[in-house]
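In what follows, chains are A, B, ... by sequence order, proteins preceding strands, each numbered from 1. Predicted model, so just to flag it, every value in this text is computed and none were measured. Heavy atoms only: backbone and side chains are in, while hydrogens, waters and symmetry mates are out.
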Amino acid sequence: MLLNEILSQWADAEFKRIFKDSGCAIPPVSIIATSNPEFGDYQCNDAMALAKILKQSPRQIAETFTRSVALHFSLERVAIAGPGFINMYIKTEWLSEYLCSMTSDVRLGVPQIGEGHTVVIDYSSPNVAKPMHIGHIRSTIIGNSIDRMYRFLGYNVVSDNHIGDWGTQFGILIMGYRNFLDAKALSETPVEELERLYVKSYGRTKEDENWMAQCRQELVKLQSGDQENLALWKEFVTLSLKEFQRIYDRLGVSFNQVRGESFYNEKLRGIVDLLEQKGLAKESEGATVVFLDEEKLPVCIVRKSDGAFNYATSDLATVVSRVTEFNPDKIVYVTDERQQLHFRQFFTIARKLGITTRLDHVWFGLMRLPEGTFSTREGNVIKLECLLDEAEQRALAIVQKASPDMQLDQQKAVARSVGIGAVKYTDLSQNPQTTVTFTWEKALSLEGNSGPYLQYAYARIASVRDKYSEKHSDINPDVYLLKLTETIERKLALMLIRFPDVVLRAAETYKPSSLADYLYDLAQTYSTFYQNVPFLKAEEGVRESRIRLCGMVARVLRTGLDLLGIETPERI
RNA sequence: GCGCUCGUAGCUCAAUUGGAUAGAGCGUCAGCCUCCGAAGCUGAAGGUUGUGGGUUCAAUCCCCGCCGGGCGCACCA
């Protein structure tokens, strides 16, 4: 069990025991880590809240508590401060033992709360025939981190890449393909060419009514199973998937399944029928819609006046299919903020259809440029591949300077980890629900609060531990006692034991940023330790203890970074 | 107009979801490599948390008004 939970249970029982004669019902109390070491290691703030219930001053309650309390065996002492804060001081020897038992676990004390539970995570979901640009990176990276965290917590995760492979754009694209195809470009840069064809054909629909009609006709042909159009569509999908896969490989992202919208195509009609049967959907202005007046939401169209189905229908069919096939505890959708309303409508209708599965929409702010939003027209879209190339190049230059003796292919491998890590960290280290202003400097930052800073901290530990085993190949540091003598060592230990709690919270709140924050804090504390406390040169015993502590930091860093999808090379 | 959301140091972001003296990075200034990896460390300067009210022991956080940015609001996804 996590230390804050242990202490909370203990404090809760103690409060109930001590104040049992008051005749009042004592609400559960909780213990949290202090924000400032001045206030001890953990604190309880509930005396203030209890003041009203017990009709005593908070100070008085805190005093009664500390006077009558049976100290938990992990605690050295408790003290009162301010209006009624109860500060708790952990026994250092106990802390040391607790940390050792936590790190003897391969899972670093992170509980498998997800065992026997399934969660579907829907993320990335790019559109066929459009290259991925930096706007797509957030769903992919944030979604993948959530995916990793849930897996680590023992959940059976179904990660599903819900590709946009069906819809009106294909009529336009087919017309573009038939009329403007550059075969050479298609073989060299397939997706770029498809995009060009789409844009050109789309432009034509604006000025040419007839063109638009033809596009619609091609779409109808496709949807009714025309062999030729179906073959074209398949080619578009195949080409796009191949290119997406190249990016996923670079990012270290993989899915359990890639089911595009087309997978649910045959179920769309049934969904609308069902909605009509249940009296939820009705005709309006030629379309079939669901009114959501009671929920104070705008109407939701489930079949357009031309008879075609749309996004809402597709999502409903998808959720029904997922619920029946996987019976998950919850389904998580990771998309940008523009889809909030859509998801509120869609979740509401799903509930009306009798779906009780928890549905969560994790949304994140758009990526912008300092000069404004992205615009295909203005040509300021930054392709994801260019970003990754640039990241690796910059990283390579630095690796070559820092480690000139390293073999070239190793330098390149390191540069890949560091460059990609920098890009990912930039995205993950910030609260998802804010607009991100993209700058090359920040995305590729290699110092300060950055991915490479964490990787650097890790690599230094690896290096120190190697040096240690070279010099002392006959000694196993793990049999030595872990002694937390320096203040900074104790601080590190307190920080390390918070890891399981941090992972749980990050997963529950869908905020990889809180994990990133913690890891940065840890790396910073470690750097202070590293810079100010000697270990290879310390006397025997102290030396081994510190080497052990280094190893524990390294494992937490590596495990935590892995949950963010960031690699940790031993040398950088 | 309605809805969602954000506003914190010069800049980019945190703040354990209502707790104590609001913390980091970049930038600026002053120090630290004969010493375990300087992508680092130590210190300094920098704040009326957009603004005005309210709720209470306690508000960056919750409620109301206003100002400013972003996004969305029937046949795109």
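Below the 3.5 angstrom threshold, one finds no donor paired with an acceptor across the side chain of A/Asp336 and the base of B/A77. For A/Ser284 against B/A74, a side-chain-to-base donor-acceptor contact under 3.5 Å is present. The base of B/A20 is paired with the side chain of A/Gln43 by a donor and an acceptor separated by under 3.5 Å.
Using a 4.0 Å heavy-atom cutoff across all strands shown, A/Tyr453 reaches sugar-phosphate atoms only and no base atom. Residue A/Glu285 is classed as a base contact, given a heavy-atom separation below 4.0 Å to a base. A/Asn45 comes within 4.0 angstrom of a nucleotide base, judged by non-hydrogen atoms across all strands. Residue A/Ala81 is in base contact, counting any heavy-atom pair closer than 4.0 Å across all strands shown. Among the atoms of the strands shown, none is found under 4.0 Å from any heavy atom of A/Lys130. Here A/Leu341 lies in heavy-atom contact (under 4.0 Å) with sugar-phosphate atoms only. Residue A/Ser35 is classed as a base contact, given a heavy-atom separation below 4.0 Å to a base. Across all strands shown, A/Ala51 has no heavy atoms under 4.0 Å from either base or sugar-phosphate atoms. Within 4.0 Å (heavy atoms only), A/Arg498 reaches no atom of the nucleic acid at all. Looking at heavy-atom distances under 4.0 Å, A/Asp466 makes no contact with the nucleic acid at all.
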Strictly under 4.0 angstrom, non-hydrogen atoms only: write out the protein contact profile of nucleotides 5-14 of chain B, one letter per nucleotide from the 5' end, B, S or -.
S------SSS
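A/Tyr468 does not carry A/Arg543 over the face of its six-membered ring by the limits of under 6.0 Å from the centre and within 45° of the normal.
Residues satisfying the salt bridge (charged side-chain N to carboxylate O under 4.0 Å, His left out) criterion with A/Asp360, sequence neighbours excluded, are A/Arg358.
Salt bridge A/Asp466/A/Arg571: present, at least one basic N to carboxylate O contact under 4.0 Å.
With rounding to the nearest 0.5 Å, the separation of CG in A/Asp122 from OH in A/Tyr333 is 6.5 Å.
Contacts between residues 522-534 of chain A and RNA chain B, counted as heavy-atom distances below 4.0 Å, involve A/Gln524, A/Ser527, A/Thr528, A/Tyr530, A/Gln531, A/Asn532, A/Val533, A/Pro534. Of all the residues in residues 293-301 of chain A, A/Pro298, A/Val299, A/Ile301 reach under 4.0 Å from RNA chain B with at least one non-hydrogen atom.
Here the two rings, on A/Tyr520 and A/Tyr425, have centers that are 6.0 Å apart or farther.
The side chain of A/Arg571 lies closest to B/G37, out of B/C36, B/G37, B/U56.
Other residues, nucleotides and ligands contribute over 12 non-hydrogen atoms within 6.0 Å of the OH atom of A/Tyr311.
Looking at RNA chain B, the stems built from 3 or more consecutive Watson-Crick or G-U wobble pairs, each pair with its key distances under 3.5 Å, are B:1-7 with B:67-73, B:10-13 with B:23-26, B:28-32 with B:40-44, B:50-54 with B:62-66.
Paired with A/Leu316 under the rule side-chain contact (heavy atoms from CB on, under 4.5 Å), one option of A/Leu275, A/Val272, A/Leu268 passes, and it is A/Leu275.
Sorted by first and then second residue, the side-chain hydrogen bond (donor to acceptor under 3.5 Å, both in side chains) pairs involving residues 391-402 of chain A (not counting sequence neighbours) are A/Arg250-A/Glu392, A/Glu390-A/Arg394, A/Gln400-A/Gln411.
Aromatic stacking is not marked for A/Tyr456 over B/G37, as the cut-offs of 5.5 Å for the centres and 30° for the planes do not both hold.
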